[in-house]
There are 2 protein chains.
Amino acid sequence: MKIGKQERQKLIINFISESKISSQQQLATLLHSRGIPVTQSTLSRDLEEIGVAKVRDQNGDPIYTVSSTVVSISPPEEALRKVLREWVAKVEYAGNIVVLHTPPGCAHVVAAALDRAQLEDILGTVAGDDTIFIVSKNEKAAGTVAGRLNDASGLIVKYKSE
Amino acid sequence: MKIGKQERQKLIINFISESKISSQQQLATLLHSRGIPVTQSTLSRDLEEIGVAKVRDQNGDPIYTVSSTVVSISPPEEALRKVLREWVAKVEYAGNIVVLHTPPGCAHVVAAALDRAQLEDILGTVAGDDTIFIVSKNEKAAGTVAGRLNDASGLIVKYKSE
DNA sequence: TATATTGGTGTATAATTATGCTATGAGAGA
DNA sequence: TCTCTCATAGCATAATTATACACCAATATA
(Lines give C-alpha, C1' and ligand atoms only; values in the text may rest on other atoms or scores of the structure.)
Protein backbone atom coordinates (compact mmCIF):
# COMPACT_ATOMS: atom_id res chain seq x y z
CA MET A 1 0.00 0.00 0.00
CA LYS A 2 1.37 3.34 -1.06
CA ILE A 3 0.87 6.11 1.44
CA GLY A 4 1.71 9.76 1.43
CA LYS A 5 3.52 12.05 3.78
CA GLN A 6 0.36 13.07 5.62
CA GLU A 7 -0.64 9.51 6.42
CA ARG A 8 2.87 8.56 7.44
CA GLN A 9 3.11 11.45 9.83
CA LYS A 10 -0.25 10.53 11.33
CA LEU A 11 1.02 7.03 11.97
CA ILE A 12 4.20 8.42 13.48
CA ILE A 13 2.18 10.51 15.88
CA ASN A 14 0.18 7.47 16.88
CA PHE A 15 3.24 5.32 17.40
CA ILE A 16 4.93 7.98 19.46
CA SER A 17 1.97 8.59 21.71
CA GLU A 18 1.32 4.88 22.12
CA SER A 19 4.71 3.48 22.87
CA LYS A 20 8.09 4.51 24.15
CA ILE A 21 10.05 5.42 21.05
CA SER A 22 13.57 6.52 21.77
CA SER A 23 15.29 6.70 18.41
CA GLN A 24 14.50 7.34 14.79
CA GLN A 25 15.95 3.97 13.91
CA GLN A 26 13.46 2.28 16.21
CA LEU A 27 10.64 4.22 14.59
CA ALA A 28 11.88 3.25 11.14
CA THR A 29 11.86 -0.43 12.10
CA LEU A 30 8.34 -0.11 13.42
CA LEU A 31 7.15 1.48 10.22
CA HIS A 32 8.92 -1.11 8.13
CA SER A 33 7.09 -3.84 10.01
CA ARG A 34 3.84 -2.18 8.98
CA GLY A 35 4.96 -2.26 5.38
CA ILE A 36 5.99 1.37 5.22
CA PRO A 37 9.58 1.76 4.08
CA VAL A 38 11.14 5.00 5.24
CA THR A 39 14.66 6.17 5.90
CA GLN A 40 16.01 7.86 8.98
CA SER A 41 16.52 11.07 7.00
CA THR A 42 12.85 11.29 6.24
CA LEU A 43 11.94 10.58 9.83
CA SER A 44 14.22 13.33 11.02
CA ARG A 45 12.34 15.73 8.78
CA ASP A 46 8.97 14.34 9.78
CA LEU A 47 9.74 14.73 13.46
CA GLU A 48 10.77 18.33 12.92
CA GLU A 49 7.59 19.10 10.97
CA ILE A 50 5.38 17.41 13.51
CA GLY A 51 7.20 19.20 16.28
CA VAL A 52 8.22 16.11 18.20
CA ALA A 53 10.39 16.61 21.26
CA LYS A 54 12.79 14.26 22.96
CA VAL A 55 12.17 14.28 26.67
CA ARG A 56 13.33 11.96 29.43
CA ASP A 57 11.44 9.46 31.56
CA GLN A 58 12.04 8.91 35.27
CA ASN A 59 15.23 7.01 34.56
CA GLY A 60 16.60 9.79 32.45
CA ASP A 61 16.19 7.72 29.30
CA PRO A 62 15.06 9.64 26.25
CA ILE A 63 11.63 9.16 24.70
CA TYR A 64 9.90 11.07 21.96
CA THR A 65 6.73 12.95 22.65
CA VAL A 66 4.53 15.11 20.44
CA SER A 67 5.04 18.77 21.20
CA SER A 68 1.35 19.44 21.76
CA THR A 69 1.80 17.49 24.97
CA VAL A 70 4.55 19.83 26.13
CA VAL A 71 3.72 23.06 27.88
CA SER A 72 5.96 25.66 29.41
CA ILE A 73 6.34 26.77 32.94
CA SER A 74 4.27 29.79 33.98
CA PRO A 75 5.70 33.05 32.65
CA PRO A 76 5.99 34.90 36.01
CA GLU A 77 8.12 32.19 37.54
CA GLU A 78 10.33 32.17 34.50
CA ALA A 79 10.59 35.95 34.54
CA LEU A 80 11.54 35.85 38.20
CA ARG A 81 14.32 33.42 37.56
CA LYS A 82 15.65 35.65 34.82
CA VAL A 83 15.58 38.73 36.99
CA LEU A 84 17.15 36.99 39.96
CA ARG A 85 19.88 35.58 37.82
CA GLU A 86 20.71 38.96 36.44
CA TRP A 87 20.41 41.31 39.36
CA VAL A 88 20.88 39.51 42.64
CA ALA A 89 24.34 39.85 44.13
CA LYS A 90 23.82 38.28 47.51
CA VAL A 91 21.20 36.47 49.58
CA GLU A 92 21.23 36.37 53.36
CA TYR A 93 18.72 35.92 56.10
CA ALA A 94 18.39 36.54 59.80
CA GLY A 95 15.33 35.76 61.84
CA ASN A 96 12.28 35.87 59.63
CA ILE A 97 13.80 38.38 57.21
CA VAL A 98 15.63 37.58 53.97
CA VAL A 99 17.88 40.28 52.62
CA LEU A 100 18.71 40.54 48.94
CA HIS A 101 21.45 42.77 47.61
CA THR A 102 21.35 44.06 44.06
CA PRO A 103 23.31 46.56 41.99
CA PRO A 104 22.40 50.17 42.83
CA GLY A 105 18.93 51.16 41.66
CA CYS A 106 17.84 47.64 40.75
CA ALA A 107 16.11 46.60 43.92
CA HIS A 108 12.62 47.68 42.90
CA VAL A 109 12.78 45.66 39.67
CA VAL A 110 13.62 42.52 41.56
CA ALA A 111 11.03 43.18 44.23
CA ALA A 112 8.34 43.69 41.60
CA ALA A 113 9.19 40.36 40.02
CA LEU A 114 9.07 38.71 43.43
CA ASP A 115 5.66 40.20 44.12
CA ARG A 116 4.28 39.04 40.80
CA ALA A 117 5.53 35.49 41.34
CA GLN A 118 3.60 35.29 44.61
CA LEU A 119 5.92 32.74 46.17
CA GLU A 120 4.58 30.98 49.20
CA ASP A 121 6.34 31.75 52.48
CA ILE A 122 6.73 35.36 51.42
CA LEU A 123 4.50 37.73 53.35
CA GLY A 124 5.75 40.87 51.69
CA THR A 125 8.75 42.78 50.35
CA VAL A 126 10.24 46.22 50.83
CA ALA A 127 12.70 47.57 48.28
CA GLY A 128 15.29 50.26 48.84
CA ASP A 129 17.86 51.26 46.27
CA ASP A 130 20.11 48.24 46.31
CA THR A 131 18.54 46.17 49.06
CA ILE A 132 15.32 44.22 49.47
CA PHE A 133 13.80 42.97 52.69
CA ILE A 134 11.59 39.94 52.31
CA VAL A 135 9.40 39.17 55.27
CA SER A 136 8.53 35.56 56.05
CA LYS A 137 6.41 34.25 58.86
CA ASN A 138 9.30 32.70 60.78
CA GLU A 139 12.96 31.78 60.60
CA LYS A 140 12.35 28.39 59.07
CA ALA A 141 10.31 29.87 56.23
CA ALA A 142 12.96 32.54 55.73
CA GLY A 143 15.58 29.84 55.39
CA THR A 144 13.50 28.08 52.77
CA VAL A 145 12.94 31.26 50.83
CA ALA A 146 16.59 32.22 51.01
CA GLY A 147 17.59 28.80 49.76
CA ARG A 148 15.19 28.94 46.86
CA LEU A 149 16.21 32.42 45.85
CA ASN A 150 19.83 31.50 46.11
CA ASP A 151 19.30 28.53 43.84
CA ALA A 152 17.31 30.55 41.34
CA SER A 153 19.88 33.31 41.29
CA GLY A 154 22.62 30.88 40.38
CA LEU A 155 24.81 32.17 43.17
CA ILE A 156 27.48 29.82 44.29
CA VAL A 157 28.28 31.41 47.60
CA LYS A 158 26.57 30.20 50.70
CA TYR A 159 23.60 32.24 51.80
CA LYS A 160 23.46 31.46 55.46
CA SER A 161 24.45 34.29 57.71
CA GLU A 162 26.73 32.74 60.25
CA MET B 1 37.22 29.63 41.15
CA LYS B 2 36.83 25.91 41.57
CA ILE B 3 33.24 24.74 41.60
CA GLY B 4 31.65 21.35 42.06
CA LYS B 5 29.15 19.34 40.14
CA GLN B 6 26.18 20.69 42.10
CA GLU B 7 27.04 24.30 41.41
CA ARG B 8 27.75 23.62 37.76
CA GLN B 9 24.40 21.93 37.29
CA LYS B 10 22.66 24.84 38.97
CA LEU B 11 24.28 27.22 36.53
CA ILE B 12 23.31 24.96 33.65
CA ILE B 13 19.70 25.06 34.73
CA ASN B 14 19.84 28.82 34.90
CA PHE B 15 21.42 29.17 31.50
CA ILE B 16 18.90 26.82 29.95
CA SER B 17 15.90 28.55 31.41
CA GLU B 18 17.25 31.99 30.56
CA SER B 19 18.35 31.64 27.01
CA LYS B 20 17.77 29.52 23.97
CA ILE B 21 20.41 26.83 24.20
CA SER B 22 20.32 24.39 21.35
CA SER B 23 23.47 22.35 21.68
CA GLN B 24 25.85 21.10 24.30
CA GLN B 25 28.68 22.80 22.50
CA GLN B 26 26.92 26.14 22.85
CA LEU B 27 26.43 25.47 26.54
CA ALA B 28 30.09 24.54 26.94
CA THR B 29 31.16 27.81 25.33
CA LEU B 30 28.87 29.75 27.63
CA LEU B 31 30.32 28.05 30.70
CA HIS B 32 33.87 28.59 29.48
CA SER B 33 33.16 32.29 29.15
CA ARG B 34 32.19 32.27 32.82
CA GLY B 35 35.47 30.64 33.68
CA ILE B 36 34.09 27.16 34.08
CA PRO B 37 35.90 24.68 31.85
CA VAL B 38 33.80 21.66 31.02
CA THR B 39 33.69 19.17 28.18
CA GLN B 40 30.75 18.12 26.08
CA SER B 41 30.88 14.65 27.65
CA THR B 42 30.32 16.04 31.08
CA LEU B 43 27.49 18.22 29.85
CA SER B 44 25.81 15.22 28.27
CA ARG B 45 25.91 13.52 31.67
CA ASP B 46 24.77 16.64 33.46
CA LEU B 47 21.80 17.10 31.15
CA GLU B 48 20.74 13.52 31.71
CA GLU B 49 20.99 13.88 35.48
CA ILE B 50 19.11 17.15 35.50
CA GLY B 51 16.50 15.66 33.21
CA VAL B 52 16.79 18.25 30.50
CA ALA B 53 14.70 17.72 27.38
CA LYS B 54 15.20 18.96 23.87
CA VAL B 55 11.98 20.41 22.57
CA ARG B 56 11.23 22.60 19.56
CA ASP B 57 10.21 26.21 19.26
CA GLN B 58 7.63 27.54 16.80
CA ASN B 59 10.12 27.27 13.94
CA GLY B 60 10.84 23.65 14.72
CA ASP B 61 14.31 24.53 15.95
CA PRO B 62 15.53 22.56 18.95
CA ILE B 63 16.00 24.19 22.33
CA TYR B 64 16.78 22.65 25.69
CA THR B 65 14.31 22.94 28.52
CA VAL B 66 14.35 21.61 32.06
CA SER B 67 12.05 18.62 32.39
CA SER B 68 10.13 20.10 35.29
CA THR B 69 8.58 22.40 32.73
CA VAL B 70 7.25 19.48 30.69
CA VAL B 71 3.95 17.82 31.47
CA SER B 72 1.93 15.21 29.66
CA ILE B 73 -1.39 15.34 27.93
CA SER B 74 -4.47 14.35 29.91
CA PRO B 75 -4.78 10.58 30.43
CA PRO B 76 -8.35 10.08 29.07
CA GLU B 77 -7.53 11.62 25.73
CA GLU B 78 -4.40 9.55 25.49
CA ALA B 79 -6.30 6.40 26.41
CA LEU B 80 -8.89 7.13 23.77
CA ARG B 81 -6.25 7.48 21.14
CA LYS B 82 -4.79 4.15 22.15
CA VAL B 83 -8.14 2.40 22.01
CA LEU B 84 -9.11 3.93 18.72
CA ARG B 85 -5.79 3.03 17.20
CA GLU B 86 -6.18 -0.55 18.27
CA TRP B 87 -9.82 -1.39 17.73
CA VAL B 88 -11.36 0.86 15.12
CA ALA B 89 -11.62 -0.70 11.69
CA LYS B 90 -13.71 1.86 9.87
CA VAL B 91 -15.26 5.29 10.37
CA GLU B 92 -18.23 6.52 8.35
CA TYR B 93 -21.01 8.98 8.82
CA ALA B 94 -24.42 9.78 7.37
CA GLY B 95 -26.61 12.61 8.51
CA ASN B 96 -25.87 13.38 12.12
CA ILE B 97 -24.74 9.83 12.92
CA VAL B 98 -21.15 8.56 12.90
CA VAL B 99 -20.72 4.82 12.62
CA LEU B 100 -17.63 3.06 13.92
CA HIS B 101 -16.82 -0.53 13.08
CA THR B 102 -14.68 -2.63 15.38
CA PRO B 103 -13.66 -6.26 15.63
CA PRO B 104 -16.47 -8.50 17.04
CA GLY B 105 -17.15 -7.89 20.72
CA CYS B 106 -14.98 -4.79 20.97
CA ALA B 107 -17.53 -2.08 20.43
CA HIS B 108 -18.36 -1.52 24.07
CA VAL B 109 -14.72 -0.97 24.98
CA VAL B 110 -14.35 1.74 22.39
CA ALA B 111 -17.67 3.34 23.30
CA ALA B 112 -16.67 3.47 26.95
CA ALA B 113 -13.42 5.24 26.07
CA LEU B 114 -15.36 7.69 23.92
CA ASP B 115 -17.76 8.43 26.75
CA ARG B 116 -14.95 9.02 29.21
CA ALA B 117 -13.19 11.41 26.85
CA GLN B 118 -16.31 13.57 26.64
CA LEU B 119 -15.54 14.95 23.21
CA GLU B 120 -17.49 17.97 22.20
CA ASP B 121 -19.96 17.50 19.34
CA ILE B 122 -20.82 14.06 20.67
CA LEU B 123 -24.30 13.85 22.18
CA GLY B 124 -24.15 10.17 23.00
CA THR B 125 -23.10 6.71 21.86
CA VAL B 126 -24.76 3.34 21.45
CA ALA B 127 -22.60 0.23 21.20
CA GLY B 128 -23.61 -3.08 19.65
CA ASP B 129 -21.23 -5.99 19.23
CA ASP B 130 -19.00 -4.67 16.49
CA THR B 131 -20.66 -1.36 15.69
CA ILE B 132 -21.03 1.96 17.46
CA PHE B 133 -23.45 4.73 16.64
CA ILE B 134 -22.33 8.18 17.69
CA VAL B 135 -24.97 10.85 17.69
CA SER B 136 -24.01 14.42 16.91
CA LYS B 137 -26.28 17.42 16.77
CA ASN B 138 -26.14 17.79 12.99
CA GLU B 139 -24.36 16.62 9.89
CA LYS B 140 -21.61 19.20 10.11
CA ALA B 141 -20.73 18.15 13.64
CA ALA B 142 -20.85 14.51 12.60
CA GLY B 143 -18.36 15.24 9.84
CA THR B 144 -16.06 16.93 12.33
CA VAL B 145 -16.29 14.04 14.75
CA ALA B 146 -15.74 11.48 12.03
CA GLY B 147 -12.69 13.34 10.83
CA ARG B 148 -11.21 13.56 14.28
CA LEU B 149 -11.85 9.91 15.06
CA ASN B 150 -10.43 8.91 11.73
CA ASP B 151 -7.28 10.88 12.43
CA ALA B 152 -6.93 9.49 15.92
CA SER B 153 -7.47 5.95 14.74
CA GLY B 154 -4.62 6.24 12.29
CA LEU B 155 -6.77 4.95 9.48
CA ILE B 156 -5.60 5.81 6.06
CA VAL B 157 -8.81 5.13 4.17
CA LYS B 158 -11.23 7.93 3.59
CA TYR B 159 -14.11 8.12 6.01
CA LYS B 160 -16.73 9.96 4.01
CA SER B 161 -19.65 7.88 2.91
CA GLU B 162 -20.14 8.84 -0.70
C1' DT C 1 50.85 3.05 55.59
C1' DA C 2 49.27 0.27 51.85
C1' DT C 3 45.30 -1.18 49.42
C1' DA C 4 40.70 -1.03 47.78
C1' DT C 5 36.49 1.61 46.54
C1' DT C 6 33.91 5.27 44.66
C1' DG C 7 32.57 9.46 42.27
C1' DG C 8 33.69 12.57 38.75
C1' DT C 9 35.87 13.66 34.55
C1' DG C 10 38.47 13.73 30.02
C1' DT C 11 39.61 11.25 25.69
C1' DA C 12 38.34 8.80 21.95
C1' DT C 13 34.84 6.90 19.64
C1' DA C 14 30.18 4.96 18.85
C1' DA C 15 25.46 6.10 18.17
C1' DT C 16 22.12 9.21 16.82
C1' DT C 17 20.25 13.05 14.35
C1' DA C 18 20.42 16.76 10.81
C1' DT C 19 21.34 18.32 6.20
C1' DG C 20 23.45 19.35 1.36
C1' DC C 21 22.84 17.51 -2.76
C1' DT C 22 20.50 14.86 -6.13
C1' DA C 23 16.82 12.18 -8.25
C1' DT C 24 12.17 11.21 -9.14
C1' DG C 25 7.39 11.98 -10.03
C1' DA C 26 3.26 14.84 -10.14
C1' DG C 27 1.06 18.73 -11.83
C1' DA C 28 0.99 23.35 -14.64
C1' DG C 29 1.37 25.69 -18.68
C1' DA C 30 3.12 26.31 -23.53
C1' DT D 1 3.95 16.19 -25.61
C1' DC D 2 7.66 18.87 -23.69
C1' DT D 3 9.53 21.57 -20.19
C1' DC D 4 9.40 23.77 -15.84
C1' DT D 5 8.51 23.90 -11.09
C1' DC D 6 7.66 22.02 -6.79
C1' DA D 7 7.27 18.68 -3.17
C1' DT D 8 9.19 14.49 -1.45
C1' DA D 9 12.63 11.46 -0.16
C1' DG D 10 17.11 8.83 -0.59
C1' DC D 11 22.18 8.81 -0.07
C1' DA D 12 26.23 10.37 1.86
C1' DT D 13 28.04 12.90 5.26
C1' DA D 14 28.28 16.58 8.81
C1' DA D 15 26.88 17.76 13.32
C1' DT D 16 25.45 16.46 17.69
C1' DT D 17 25.05 13.51 21.63
C1' DA D 18 26.13 9.32 24.34
C1' DT D 19 29.36 6.07 26.21
C1' DA D 20 33.37 2.66 27.03
C1' DC D 21 37.49 3.10 29.09
C1' DA D 22 40.98 5.01 31.82
C1' DC D 23 42.72 8.18 35.17
C1' DC D 24 42.68 10.85 39.33
C1' DA D 25 41.44 12.39 43.84
C1' DA D 26 39.14 11.50 47.99
C1' DT D 27 37.64 8.29 51.30
C1' DA D 28 37.29 3.99 53.44
C1' DT D 29 39.55 -0.44 55.11
C1' DA D 30 42.97 -3.69 56.54
Side-chain angles (χ1 to χ4, degrees), chain A residues 1-17 19-67 69-70 156, chain B residues 1-17 19-67 69-70 154 156 158:
Chain A
M1 183 201 303
K2 192 65 169 48
I3 71 166
K5 188 181 167 189
Q6 295 299 322
E7 287 81 12
R8 186 185 62 238
Q9 294 192 349
K10 254 190 237 173
L11 286 174
I12 290 172
I13 291 173
N14 276 306
F15 280 137
I16 286 177
S17 28
S19 43
K20 310 287 186 194
I21 309 285
S22 56
S23 82
Q24 296 175 7
Q25 200 46 243
Q26 185 182 345
L27 191 52
T29 304
L30 210 49
L31 287 165
H32 280 152
S33 75
R34 305 299 174 105
I36 299 165
V38 65
T39 60
Q40 173 268 321
S41 315
T42 298
L43 289 181
S44 173
R45 293 174 181 124
D46 281 342
L47 295 187
E48 172 174 349
E49 286 177 20
I50 296 171
V52 164
K54 206 172 191 176
V55 300
R56 296 177 198 271
D57 62 16
Q58 285 83 355
N59 306 322
D61 297 325
I63 52 172
Y64 282 116
T65 192
V66 300
S67 71
T69 68
V70 176
I156 292 162
Chain B
M1 181 202 304
K2 192 66 169 47
I3 70 164
K5 187 179 163 189
Q6 295 298 323
E7 286 81 13
R8 187 185 59 238
Q9 295 193 347
K10 254 190 239 173
L11 285 174
I12 290 172
I13 291 173
N14 277 305
F15 280 137
I16 286 178
S17 23
S19 42
K20 309 286 186 197
I21 309 284
S22 57
S23 82
Q24 295 175 9
Q25 200 47 245
Q26 186 183 346
L27 191 52
T29 304
L30 211 48
L31 287 165
H32 281 152
S33 75
R34 304 300 175 104
I36 300 164
V38 66
T39 59
Q40 173 267 319
S41 316
T42 298
L43 288 180
S44 173
R45 294 173 182 124
D46 282 341
L47 296 187
E48 173 175 349
E49 286 177 22
I50 297 170
V52 164
K54 206 171 191 177
V55 300
R56 298 178 196 269
D57 62 15
Q58 284 84 355
N59 306 323
D61 298 324
I63 52 173
Y64 283 116
T65 192
V66 299
S67 71
T69 69
V70 176
I156 292 162
K158 290 276 181 275

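The sequence lines fix the lettering, A, B, ..., with proteins before strands; numbering per chain opens at 1.
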Checklist entry - What do the steps show when you test B:V52 against B:D46 for side-chain contact (heavy atoms from CB on, under 4.5 Å), and what is the final call? => result CA-CA 9 Å; B:V52 164; B:D46 282 341; over 6 Å; no

Next on the checklist: Quick check: any donor-acceptor pair below 3.5 Å linking the side-chain of A:R45 to the base of D:dG10?
Outcome noted: yes

Next on the checklist: Checking the side chain of B:S44 only, and the main-chain atoms of B:Q40 only, is there a donor and an acceptor separated by less than 3.5 Å?
Outcome noted: no

Item to check | Length of the NZ-P vector between B:K5 and C:dT9, whole Å | outcome: 6 Å

Item to check | Integer-rounded Å distance: D:dT17 P and B:E49 CD | outcome: 17 Å

Item to check | Shortest side-chain distance from A:K54, nucleotide among C:dT16, D:dT8, D:dT17 | outcome: C:dT16

Item to check | C:dT19 base / A:S41 side chain donor-acceptor hit below 3.5 Å | outcome: yes

Checklist entry - In whole angstroms, how far is the P atom of C:dG10 from the CD atom of B:Q25? => result 13 Å

Item to check | Polar side-chain contact B:E48-D:dA18 base: donor and acceptor under 3.5 Å | outcome: no

Checklist entry - On DNA chain D, nearest-nucleotide positions of A:D46 versus A:Q40: which is more 5'? => result A:D46

Checklist entry - Think A:T39 has a side-chain N or O under 4.0 angstrom from the OP1 or OP2 of D:dG10? => result yes

Checklist outcome for this item: Quick note, B:Y64 side chain, CB onward, closest among D:dA18, D:dA9, D:dT17 is D:dT17

Checklist entry - For A:Q26 and D:dA18, what is the distance between atoms CD and C1' respectively, to the nearest whole Å? => result 16 Å

Checklist entry - Can you find a side chain N or O atom of B:Q24 that sits less than 4.0 Å from OP1 or OP2 on D:dA18? => result yes

Checklist entry - Nearest of C:dT9, C:dT16, D:dA9 to any side-chain atom of A:S23? => result C:dT16

Item to check | A:R56 side-chain N/O to B:A53 backbone N/O, donor-acceptor pair under 3.5 Å | outcome: no

Checklist entry - Which whole-number value in Å describes the distance from A:L47 CG to C:dA18 P? => result 7 Å

Item to check | Between D:dT17 (P) and A:I63 (CD1): distance, integer Å | outcome: 19 Å

Next on the checklist: Check this one for me: any side-chain N or O of A:S44 less than 4.0 Å away from OP1 or OP2 of C:dT19?
Outcome noted: no

Checklist outcome for this item: Here the pair of heavy atoms bringing B:S22 nearest to B:P62 is CB-O, 3.0 Å

Checklist entry - Using a cut-off of less than 4.0 Å, is there contact between a side-chain N or O of A:R56 and OP1 or OP2 of D:dA18? => result yes

Next on the checklist: Before you tell me yes or no, could you show the steps for B:R8 and B:T42 under side-chain contact (heavy atoms from CB on, under 4.5 Å), namely the whole-Å CA-CA distance, both residues' side-chain angles and the distance that decides it to 0.1 Å?
Outcome noted: CA-CA 10 Å; B:R8 187 185 59 238; B:T42 298; 3.4 Å; yes

Next on the checklist: How many whole angstroms separate atom CG of A:L43 from atom P of C:dT19?
Outcome noted: 15 Å

Checklist entry - Whole-Å distance between D:dG10 P and A:L31 CG? => result 11 Å

